[in-house]
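Both ligands and their constituent atoms are indexed starting at 1 by order of listing. What you are looking at is a predicted structure, and each value in this text was computed from that prediction instead of being measured.
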Amino acid sequence: MVKVVVIGSSSMDLVVTSSKRPGAGETVIGESFKTVPGGKGANQAVAAARLGAEVYMIGCVGGDHYGKAMIKNFHDHGVITKYVETIAEMESGTAHIILAEGDNSIVVVKGANDAVIPAYVQRAKPIIQQADIVLIQQEIPEETVEYTADVCKELGVPLLLNPAPARPISENVIEKATFITPNEHEAALLFMEVSQEAALKKYPEKVFITEGAQGVRYFNGEQEVIIPSYQVEAVDTTGAGDTFNAAFAIALAEGKTIEGSLRFANRAASLSVTKFGAQGGMPSRKEVEETL
Ligand code: ATP
Ligand code: RIB
């Protein structure tokens with residue numbers, strides 16, 4: 001069983017479904033409202049646990065009922081919460097999601113996720129040292145991502161950076177991360193000065209651009225290749241990237257080839273979009289293996 005450390009956000013997703021996305025100043029009548037656990041860090045931790053890894057989460061929740069529900073959700077999935085802090089005086093992170101016209105739009109209010117400062121990562125160094133791989137995203141402060149990149153480099157532990165949501169990243173982080181997995185929008189911001197083709201070529205088998213239903217693109221040292229995803233009937237694509245990242249990290253940590261790991265990740269992520277909610281469709285190990 002591989003040991004995975006996830007450093008990131010935990011948010012409650014407040015999800016509205018509507019046949020029409022409202023424009024500025026417009027009011028529309030929606031169809032449903034649901035509250036489900038989310039946040040990129042928590043999603044990746046839960047996805048990794050469902051896929052059979054031993055998972056340690058490093059993060060913060062608020063002192064409200066969302067915080068309690070998110071901790072319970074971690075426990076329900078077997079995620080180890082020794083390094084999850086409850087910040088009594090803060091509100092939990094929330095993501096305000098509209099599912100309309102076949103896609104989502106999301107406003108994230110970071111709340112307690114802003115309290116995930118480098119000191120928490122420092123405290124967890126003994127467990128990071130034992131990890132097979134560390135996963136991090138960008139719904140927590142930039143200096144924490146920076147510090148984690150330094151720690152992973154110092155300890156010789158592979159770091160997978162999922163640079164979502166989009167924000168600029170320092171050269172230090174780009175150099176120290178082992179794998180970087182932007183989607184197309186994030187890649188456009190990350191590599192503004194060069195073409196996507198040039199960026200992939202500069203970082204062979206390090207930068208992997210996810211392209212939704214198309215799959216994932218990277219440079220294998222000789223040529224740019226795309227590993228296609230699997231055809232499914234998508235119900236809700238929220239969290240597809242999180243399932244992809246967790247599955248990719250586990251497969252790499254288990255010693256699968258890059259290509260084999262990408263196929264495993266595509267399969268897991270494609271299954272995840274067939275059900276409602278970021279975590280609702282995250283598959284078990286058995287489901288992925290049976291359908292690969
Ligand atoms: P999100 O922010 O919604 O979690 P993302 O924008 O970070 O996702 P995407 O590039 O949309 O990431 O998707 C990640 C991976 O999920 C893709 O590389 C692919 O493997 C899988 N995927 C996403 N959407 C689909 C789909 N409609 N059909 C099949 N696979 C999909
Ligand atoms: O990646 C999906 C997640 O992004 C959602 O669960 C939501 O919390 C947003 O932050």
TODO: Quick one: closest heavy-atom pair of R263 and L292, and the distance?
DONE: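 Reported closest heavy-atom pair: O-CD2, 3.8 Å.
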Taking every non-hydrogen atom, the tightest pair across A45 and M57: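 Heavy atoms only, the tightest pair is CB-SD, 3.9 Å.
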Shortest reach to [atom] by a heavy atom, considering only [options]:
| atom | options | value |
| --- | --- | --- |
| atom 1 (O) of ligand 2 | I97, N113, D242 | D242 |
| atom 18 (O) of ligand 1 | G215, P165, A268 | G215 |
| atom 10 (O) of ligand 2 | M12, E139, Q44, Q279 | E139 |

Can you tell whether the side chains of [X] and [Y] come within less than 4.0 Å, N to carboxylate O?
| X | Y | answer |
| --- | --- | --- |
| E197 | K201 | no |
| K176 | E146 | no |
| K20 | E26 | yes |
| R285 | E254 | yes |

For [atom], what is the nearest protein heavy atom, given as residue, atom name and distance?
| atom | value |
| --- | --- |
| atom 21 (C) of ligand 1 | A269 CB, 3.5 Å |
| atom 30 (N) of ligand 1 | S229 OG, 2.8 Å |
| atom 20 (O) of ligand 1 | N266 OD1, 2.7 Å |
| atom 3 (C) of ligand 2 | N43 ND2, 3.6 Å |
| atom 7 (C) of ligand 2 | D13 OD1, 3.3 Å |
| atom 4 (O) of ligand 2 | K40 NZ, 3.3 Å |
| atom 2 (O) of ligand 1 | K40 NZ, 4.0 Å |
| atom 27 (N) of ligand 1 | A213 CB, 3.6 Å |
| atom 4 (O) of ligand 1 | G241 N, 2.9 Å |
| atom 5 (P) of ligand 1 | N183 ND2, 3.8 Å |
| atom 19 (C) of ligand 1 | G212 O, 3.2 Å |

| task | Is it possible for you to check whether K3 lies under 6.0 Å from the centre of the six-membered ring of Y56, through NZ or CZ, and within 45° of that ring's axis? | result |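 Negative - K3 is either too far from the ring of Y56 or too far off its axis.
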Please lay out, stage by stage, how T178 and L160 fare under the test side chain to side chain contact (heavy atoms under 4.5 Å, CB included).
-> CA-CA 6 Å; T178 321; L160 190 159; over 6 Å; no
Review point. Can you tell if the side chain of R50 reaches within under 4.5 Å of the side chain of P283, non-hydrogen atoms only?
Key: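 When only atoms from C-beta onward are counted, P283 and R50 do not touch, as no gap falls below 4.5 Å.
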In ligand 2, which numbered atoms sit nearer than 4.0 Å to a non-hydrogen atom of [X]?
| X | result |
| --- | --- |
| A278 | 6 (O) |
| A95 | 7 (C), 8 (O) |
| V108 | 10 (O) |
| G38 | 6 (O), 8 (O) |

Legend entry - Heavy atoms of other groups near E91 CD, more than 12 under 6.0 Å: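 Not more than 12 within 6.0 Å, no.
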Hey, is ligand 2 close enough to T238 that some N/O pair sits below 3.5 Å?
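No; every N/O pair is 3.5 Å or more apart.
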Is there a polar contact, in the sense of an N or O pair closer than 3.5 Å, between S11 and ligand 2?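 In fact, backbone or side chain, S11 has no N or O that close.
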Under 4.0 Å from a heavy atom of [X]: which atoms of ligand 1 are those, numbered in the order shown and with their elements?
| X | answer |
| --- | --- |
| Y230 | 28 (N), 29 (C) |
| V232 | 28 (N), 29 (C) |
| G239 | 3 (O), 4 (O) |

Check your understanding: Can you tell me how far NZ of K206 sits from OG1 of T181, rounded to the nearest 0.5 angstrom?
Key ->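 So the gap between those two atoms works out to 12.5 Å.
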Using a plain distance cutoff, I'd like to know if [X] has any nitrogen or oxygen under 3.5 Å from a nitrogen or oxygen of ligand 1.
| X | answer |
| --- | --- |
| S270 | no |
| A265 | no |
| T210 | yes |

**Study point:** Verdict with reasoning, R217 to E211, per salt bridge (Lys or Arg N to Asp or Glu O under 4.0 Å)
**Key:** CA-CA 7 Å; R217 186 183 297 274; E211 299 184 353; 2.7 Å; yes
Original post:
Taking S9 for the side chain and K40 for the main chain, is one N or O donor matched with an acceptor at less than 3.5 Å?
Top reply: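 Between the backbone of K40 and the side chain of S9 there is a qualifying donor-acceptor contact (under 3.5 Å).
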Among Y203, F208, F179, ring pair (Phe, Tyr, Trp, His ring centres under 6.0 Å) partner for Y218: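 Among the candidates, only F208 passes.
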Item to complete: Between E184 and ligand 1, find which residue part has any heavy-atom pair under 4.0 Å and reply side chain, backbone, both or neither.
Response: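 Contact part for E184 vs ligand 1: neither.
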Should Y83 and V145 be counted in the same cluster of Ile, Leu, Val, Met, Phe, Trp and Tyr side chains packed under 4.5 Å apart?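 As far as the 4.5 Å side-chain criterion goes, V145 and Y83 are connected within one cluster.
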Exercise for the section: Decide yes or no on salt bridge (Lys or Arg N to Asp or Glu O under 4.0 Å) for E154 and K125, but give the supporting numbers first. Expected result: CA-CA 11 Å; E154 175 200 326; K125 257 174 124 176; 3.2 Å; yes
Check your understanding: What do you reckon, does G241 put a non-hydrogen atom under 4.0 Å from ligand 2?
Key ->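 Contact check G241 vs ligand 2: negative.
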